[in-house]
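Working notes for the structure below.
Only a predicted model underlies this, so the values are computations on that prediction, with no experimental measurement involved. We number each residue from 1, following the sequence as shown.
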Amino acid sequence: MERVLLCRPSLSSAAPLTYRRRKSPDLHLRKNSSSFTPTLFSSCRPLHLSTSFRTPSLKSSNRLRLSPIRSSDTVTDQVTSPPPSSSGVKLVPFALSVGIGLIVRFLVPIPPEVTVQAWQLLSIFLSTIAGLVLSPLPVGAWSLLSLTTVIFTRTLSFETAFKAYTNEVIWLIVISFFFARGFVKTGLGDRIATYFVKWLGKSTLGLSYGLTISEALVAPAMPSTTARAGGVFLPIIKSLSLSAGSKPNDPSAKKIGSYLIQSQFQSAGNSSALYLTAAAQNLLCLKLAEELGVKIASPWLFWFKAASLPALVSLMATPFILYKIFPPEITETPDAPALATKKLEKMGSVSKNEYLMIGTMMFAVCLWVFGDAVGISSVVVAMLALSILLLTGVLDWDDCLKEKTAWDTLSWFTVLVGMASQLTNFGIVTWMSNCVANLLQTFSLSWPAALCILQAAYFLIHYLFASQTGHVGALYSAFLAMHLASGAPAALSALALAFNTNLFGAISHYSSGQAAVYYGAGYVDLPDIFKVGFIMAVFNAVVWGAVGGLWWKFLGLY
């Protein structure tokens, strides 16, 4: 008898999954027979899927039947964390990152339209971006070095360098991580997804649609793609896959696990693009657009209206397309709804904290939608919602302190946003955009052609980035300025770039937080990640370009 424990990764920990196997003295199996009991645990609370199964016997090559074994079976867990690493700086990436800035500062002639101070800030900014790509240090530490350099060289004053720490959007992003922890801690996100498995899970394609729809529903109130992936959907996918005999890092991964991982991964970008509050980078995009003079009234409703049709078309088509180009070996899962029902029974009735989480997030979403009409900003709404969760005990302050991703984001995000903002103030962004606009004019391109070229360039450059928010902080302002200089409509340009920011999160195994989560599960090979990522990138470009273009014309964006 072989037991397998699967632990759900904590949102604030990168500890790897650890497996403990042992023989059971109380069960006797015939030779060559095997069974497994998947039980999911969270660092916050158990996920409650403790129903046991025998290894599935297939009546046909594509139909799955699961037989339960005795309920007396148990598993034990043992989670170990690797010792912390203190290797210091990586010398080669450090030298390359610093070298890029030094070359720009001292070897590249300063244009007459640009001041020495502005050029010096640009060189430090480019070194910062290079460091985010090459990773000589963790991003937080590297950003601190950049901030120190900016102040030490007197490129910016201390007050100016730290000004971005008062940025409302950055604090809204930080608070969004706490909301995501609340969904995981209460089990609400898991409950919603399990209901969709119960309703739509009789086939593998149905399972995929159930998970996709459930993510689209929780996305506006759970504004972290990484949290949704690691805290809710990956544990469910792993449980379903193990129940079907589809194991990670094994040829059996192709049975069902690989398809479910790919489908959820590729759908997540459209879920994030559907709502302004579905991803942290969306809020940052609109903040940077506002600094360039592109102000959007009623941003939540305006965003949803513009994204709704192309996002929904892509969401509904993605599982089916992947079912054809990346098919699972098992196509029918008739017992999955029963498993979901048993899981819901073990979870019990909706808890008080889940009701509080539902009510608080409905309150927040309503104020995000109508906040402008009553004069309440988005960050104030988020602060009110977090205060309610703290007062009612749904979250405690230790939960917030343990959310390392939130505080790390605060530390490095502010550095990028602060420098990008000062580059705009110093005229660097305007100078760069005018150079590109003049180049495009030499080819006599219309603004639609220029928009398509710039959008494609913005998308493809993401192969050099390991963070969507880092990409936005580094390039969004510059590319938006290029759009405006080419004559493209302001609101259309700002939204198209922002939508693009979500869609390129699935092109590689390092392109976003959820990419690392799903790839790390061990169900998808690296070549498949790149191949499927490219195919779906082309598909999304067609849908958002054709369907979105017609829809935006109807809405009067151009």
TODO: Look at the side chain of Asn540 and the backbone N and O of Met536, then say whether any donor-acceptor pair between them is shorter than 3.5 Å.
DONE: yes
Value for CG (Leu211) from OG (Ser263), rounded to nearest 0.5 Å, stands at 8.0 Å
Using a 4.5 Å cut-off on heavy atoms from C-beta on, say whether the side chain of Leu286 contacts that of Trp303.
-> yes
Quick one: are Gln422 and Val150 in side-chain contact, heavy atoms under 4.5 Å?
no
Taking Met357's backbone N and O only, do any of them form a donor-acceptor pair with Thr360's side chain (distance below 3.5 Å, no angle check)? no
One should read off an interatomic distance between Leu503 CG and Asn270 CG, to the nearest 0.5 angstrom, of 5.5 Å
For Val381 and Ala364 the tightest heavy-atom approach is CG1-O, 3.5 Å
**OP:** Ignoring hydrogens and angles, tell me if any N or O in the side chain of Trp552 forms a donor-acceptor pair with the backbone of Ala306 under 3.5 Å.
**Re:** yes
Does the side chain of Leu356 reach to within under 4.5 Å of the side chain of Asn353, using non-hydrogen atoms?
yes
Residues pairing under side-chain hydrogen bond (donor to acceptor under 3.5 Å, both in side chains) where one sits in residues 273-286, two or more places apart or in two chains, turn out to be Thr277-Trp300, Gln281-Asn502, Asn282-Asn502
Smallest heavy-atom separation, Phe183 atom then Ala221 atom, equals CE1-O, 3.2 Å
TODO: Please report the C-alpha distance between Leu401 and Asp398 in whole Å, then the side-chain angles of each, then the deciding distance to 0.1 Å, and finally whether the side chain to side chain contact (heavy atoms under 4.5 Å, CB included) criterion is met.
DONE: CA-CA 5 Å; Leu401 293 176; Asp398 280 343; 4.1 Å; yes
| task | Flag the pair Leu145 / Leu137 as yes when at least one side-chain heavy-atom distance between them is below 4.5 Å, and no otherwise. | result | yes
**Message:** Checking the side chain of Asp399 only, and the main-chain atoms of Gly182 only, is there a donor and an acceptor separated by less than 3.5 Å?
**Reply:** no
Q.
Once you measure the plane-to-plane angle for Tyr458 and Tyr476, does it fall in the parallel (<30°), tilted (30-60°) or perpendicular (>60°) bin?
A. perpendicular
**Q.** Ser258 side-chain N/O to Tyr523 backbone N/O, donor-acceptor pair under 3.5 Å
**A.** yes
Here the pair of heavy atoms bringing Ser246 nearest to Ala253 is OG-O, 3.1 Å
Interatomic distance, CZ@Phe479 vs OG1@Thr501, rounded to 0.5 Å, equals 10.5 Å
If you count every heavy atom of other residues, nucleotides or ligands that lies below 6.0 Å from Met383 atom CE, does the total exceed 12?
no
- prompt: Do the ring planes of Trp171 and Trp407 sit parallel (below 30°), tilted (30 to 60°) or perpendicular (above 60°)?
  reply: perpendicular
**Message:** Closer than 3.5 angstrom, by distance alone: can the side chain of Ser214 be matched with the main-chain N or O of Thr194 as a donor-acceptor pair?
**Reply:** no
Using only atom types and a distance under 3.5 Å, with no angle test, would you say the side chain of Ser239 pairs donor to acceptor with the backbone of Pro235? no
| query | Checking Ser208 side chain against Thr204 main chain: does a donor-acceptor pair fall under 3.5 Å? | reply | no
Residue pairs meeting side-chain hydrogen bond (donor to acceptor under 3.5 Å, both in side chains), one or both in residues 156-165, sequence neighbours left out, come to Ser157-Thr160, Tyr165-Thr414
- Would you say Phe363 has more than 12 foreign heavy atoms packed within less than 6.0 Å of its CZ? yes
When rounded to the nearest 0.5 Å, the distance separating CD1 of Ile261 from CD1 of Ile256 is 11.0 Å
Any chance CZ of Phe320 has more than 12 other-residue heavy atoms, nucleotides or ligands included, within less than 6.0 Å?
-> no
Counting C-beta onward and ignoring hydrogens, is there a side-chain heavy-atom pair between Thr212 and Thr318 closer than 4.5 Å? no
So NZ of Lys402 and CH2 of Trp397: to nearest 0.5 Å the spacing works out to 13.5 Å
Item to complete: Over 60° means perpendicular and under 30° means parallel, so classify the ring planes of Phe504 and His462, tilted if in between.
Response: parallel
- Task: Apply side chain to side chain contact (heavy atoms under 4.5 Å, CB included) to Leu495 and Ile296, showing your working.
- Result: CA-CA 10 Å; Leu495 288 176; Ile296 295 177; 4.1 Å; yes
Between the CG atom in Leu395 and the CZ atom in Arg181, the distance rounded to the nearest 0.5 Å is 8.5 Å
Report task. Verify, without hydrogens or angle tests, whether Gln266 (side chain) and Ala506 (backbone) share a donor-acceptor contact under 3.5 angstrom. Result -> yes
Worksheet item: Could you walk me through whether Trp199 and Tyr209 pass the ring-ring contact (aromatic ring centres under 6.0 Å, His included) check?
Response: CA-CA 10 Å; Trp199 296 330; Tyr209 272 110; over 10 Å; no
Residue pair Gln455 / Phe459, side-chain heavy-atom distance below 4.5 Å:
no
Answer whether the closest heavy-atom distance between the side chains of Lys352 and Tyr355 falls below 4.5 Å.
no
Note: Gly210 and Leu200 closest approach over all heavy atoms is CA-CD1, 3.6 Å
On a heavy-atom basis, the closest approach of Leu260 and Ser241 is CD1-OG, 4.4 Å
Cys285 and Leu497: CA distance, side-chain angles, deciding distance, side chain to side chain contact (heavy atoms under 4.5 Å, CB included) verdict
CA-CA 8 Å; Cys285 286; Leu497 283 172; over 6 Å; no
Ile213 and Met316 have their tightest heavy-atom pair at CG1-CE, 4.1 Å
Any side-chain heavy atom of Phe233 sitting closer than 4.5 Å to one from Val517? no
Discussion item. With side chain to side chain contact (heavy atoms under 4.5 Å, CB included) as the criterion, how do Val472 and Gln468 come out once you've worked through the C-alpha distance, each side chain's angles and the decisive distance to 0.1 Å?
Written reply: CA-CA 6 Å; Val472 171; Gln468 290 166 287; 5.7 Å; no
Notebook entry, point to check: Judged by modelled atom types alone, do Arg228 and Ser272 share a side-chain donor-acceptor pair under 3.5 Å?
Noted result: yes
